[in-house]
Amino acid sequence: MRSIVSSTTGPEPAAPWWRDAVCYEIHPRAFADGDGDGVGDLAGAAARLDHVARLGADAVWLTPFYPSPLADGGYDIADHTAVAPDLGTEADFDALVARAHGLGLKVLIDLVPNHTSDTHPWFREALAAGPRSAARERYLFRPGRGVDGELPPNDWQSAFGGPAWTRVPAPDGGPGEWYLHLHAPEQPDLDWRHPEVVADFERILRHWLDRGVDGFRIDVAHTLFKAPGLPDAGPGQHQDILRNHLMPYHDQEELHPLFRTWRRLLDTHPAPSGAVPPEQRVMVAEAAVFEPARLARYVSPGEMQQAFNFAFLESSWDGAEMRAVIERSAASMRAVGAPVTWVLSSHDAVRPVTRYGGGPRGRRRARAAALLMLALPGAAYVYQGEELGLPQAHIPDDRLRDPLWERSGHRERGRDGCRVPLPWEGASAPYGFSTAAPDACWFPQPGDWADLTVRAQEDDPASMLALYRAALRLRRAAPVPADAVAAPEGPADGSWFAFDRAPGLRCLTNFGPEPLPLADGDEVLLASTPLDGRTVPADTTVWLRSAGGTTAIAS
């Protein structure tokens with residue numbers, strides 16, 4: 001029998017919708033194919049949005065759907081205000097937004113301001129114009145070092161491996177200047193001190209606001225400005241994440257006035273029918289800044305509202321480590337009055353089932369981590385397939401697309417294993433993702449995913465999908481005050497910890513190895529794995545109605 005959850009725990013939340021929202025990430029080419037060509041598209045996504053609404057999410061975030069040569073999964077953009085032809089049309093985008101709003105879902109999209117595609121009209125103009133031209137000033141072109149300029153301008157390294165500089169021919173065909181790309185060579189970095197760059201992205205923001213979007217996820221928000229003079233970065237680049245903010249291409253002071261300008265634009269630009277009012281729009285920072293106090297600056301008053309907490313995603317399955325991340329994150333965000341934005345997976349991360357050990361153990365820990373994340377006060381992001389318990393898929397070498405594969409000399413397989421098309425139904429690939437042949441689909445799907453499809457999990461009360469749906473129902477029924485902060489309690493060794501999400505709803509996670517007895521009077525509302533009597537097994541999270549609480553659950 002389906003459980004119905006209700007709560008009388010405290011007053012209705014007066015905070016903006018995004019403070020405690022659950023946002024579902026859609027990677028369009030791997031979500032649902034509407035035209036049968038083997039590639040997911042906007043029409044396919046719109047047709048499947050009821051799955052997201054039934055899950056209990058508050059919003060969807062679409063990764064890039066813009067025209068792109070796909071050198072980096074669509075994050076190399078040739079036109080920031082258009083729709084890629086293989087994903088549909090502007091009318092398809094409008095239909096998706098209307099469908100989402102009709103289902104009560106807000107719509108966030110990716111803004112990618114650090115770089116363009118090398119096929120972008122600006123970059124093509126820059127190559128044709130030559131050194132010291134006005135067209136090149138929109139990017140970061142520099143002469144090389146050495147006798148004949150044969151060495152890169154500095155020692156900066158690409159996040160995808162190798163130098164962050166590529167040399168282009170001079171007008172006479174000989175060796176010319178170098179241009180900066182912190183990612184793939186097909187992604188030249190823009191110069192954010194150039195007024196045309198600033199003005200163009202304000203135009204881009206207005207374009208999508210006029211089409212009804214409710215917010216933006218800002219890609220690599222920490223990299224837009226580079227230190228004046230482009231000094232050498234030294235050793236340890238992209239290795240010691242705690243030193244990221246010390247790199248001359250990360251976390252520069254000029255970022256914050258820019259983001260305040262964007263915030264004012266979002267807060268004042270008129271909203272079309274169906275979209276949220278301007279003051280309710282949201283910006284979320286994808287900033288690889290792991291020092292909590294510095295990350296909090298991105299969500300200080302007048303800037304963004306959310307910043308992904310990658311420290312939580314990067315944590316191993318260790319109670320002491322996770323507790324420390326939770327406490328540091330909560331303290332730093334509380335100092336600026338912002339919520340913590342928790343994330344367990346994304347299109348850039350190894351899926352939790354695999355990351356936590358794979359097999360039954362990895363699945364058990366992924367279930368426990370999901371309940372832990374969803375109990376924490378603040379916002380949460382769920383990546384497509386996370387709610388199905390999908391593992392990281394193996395992609396054959398000849399089908400890999402991630403630039404990490406080539407740039408690492410075939411040492412790193414990259415992120416494609418978490419970007420495999422979603423399985424919707426059926427006993428074999430493509431599992432309802434498309435009507436195309438399996439080999440024609442965006443990525444090949446594993447042959448053993450029949451039990452992981454949405455349809456297979458739909459009526460299974462023990463499935464991962466059922467767990468997520470139940471958790472989101474109970475989470476919505478037990479809202480937290482705007483100033484709520486998790487305060488974990490437990491032994492110093494981290495073998496377990498617990499905290500109150502709201503009056504009457506307590507979250508307890510047992511990291512093991514021994515079963516943990518429940519306290520007298522505690523009633524289990526939801527458990528990540530079946531319980532044996534009054535004990536919580538290792539690698540299990542439970543949500544409890546604390547003794548004296550007012551949360552009620554009835555069948």
query: Going by an N to O cut-off under 4.0 Å, is there a salt bridge joining R476 and D58?
result: yes

field: Salt bridge D460-R455, side-chain N to carboxylate O under 4.0 Å
entry: no

- request: Go through the steps for H101 and D214 under the test side chain to side chain donor-acceptor pair (under 3.5 Å), then give the verdict.
  value: CA-CA 10 Å; H101 287 163; D214 304 302; 2.8 Å; yes

- prompt: Rounded to the nearest 0.5 Å, how far apart are OG1 of T535 and CG of N510?
  reply: 9.0 Å

query: Taking atom CZ of R351 and atom CZ of R419, what is their separation to the nearest 0.5 Å?
result: 11.0 Å

- prompt: What side chain to side chain donor-acceptor pair (under 3.5 Å) pairs are there with at least one residue in residues 338-347, not counting sequence neighbours?
  reply: E25-H347, Y75-H347, S345-E386

query: Hey, is the main chain of P488 close enough, under 3.5 Å, to the side chain of R323 for a donor-acceptor pair?
result: yes

Centroid separation [X] to [Y] less than 6.0 Å:
X    : Y    : answer
Y431 : F433 : no
H181 : H115 : no
F31  : W424 : yes
W61  : F308 : yes
W156 : Y249 : yes
W317 : F312 : no

Residue pair [X] / [Y], side-chain heavy-atom distance below 4.5 Å:
X    : Y    : value
P503 : L505 : no
L531 : P537 : yes
S158 : R407 : yes
L388 : Q457 : yes

query: Taking atom CG of D532 as the centre, does the number of heavy atoms from other residues, nucleotides or ligands within less than 6.0 Å exceed 12?
result: no

task: Step through the shown structure and confirm whether more than 12 heavy atoms of other residues, nucleotides or ligands are within 6.0 Å of CZ on R260.
output: yes

task: Would you check, one step at a time, whether the test ring pair (Phe, Tyr, Trp, His ring centres under 6.0 Å) holds for F511 with F497?
output: CA-CA 8 Å; F511 292 87; F497 62 74; 5.4 Å; yes

Compare every heavy atom of [Y] with every heavy atom of [X], then report the nearest pair and how far apart it is.
X    : Y    : value
P113 : I218 : CG-CG2, 4.0 Å
V542 : A527 : CG1-CB, 3.7 Å
D348 : E286 : OD2-OE2, 3.9 Å
L472 : A57  : CD1-N, 4.1 Å
A380 : M373 : CB-CE, 4.2 Å

field: side chain to side chain donor-acceptor pair (under 3.5 Å) evaluation trace for D219 with N114
entry: CA-CA 8 Å; D219 184 61; N114 180 71; over 6 Å; no

statement: Paired with R297, the salt bridge (Lys or Arg N to Asp or Glu O under 4.0 Å) test is passed by just one of E253, E303, E291, namely E253

message: Please determine whether side chain to side chain contact (heavy atoms under 4.5 Å, CB included) holds for the pair V343 and V382, giving the CA-CA distance in whole Å, both sets of side-chain angles, and the decisive distance to 0.1 Å.
response: CA-CA 7 Å; V343 56; V382 174; over 6 Å; no

task: Could you walk me through whether S528 and T541 pass the side chain to side chain donor-acceptor pair (under 3.5 Å) test, one step at a time?
output: CA-CA 5 Å; S528 60; T541 296; 4.8 Å; no

task: Under the side chain to side chain donor-acceptor pair (under 3.5 Å) rule, what do N309 and Y381 come out as? Steps first, then yes or no, please.
output: CA-CA 10 Å; N309 191 295; Y381 280 69; over 6 Å; no

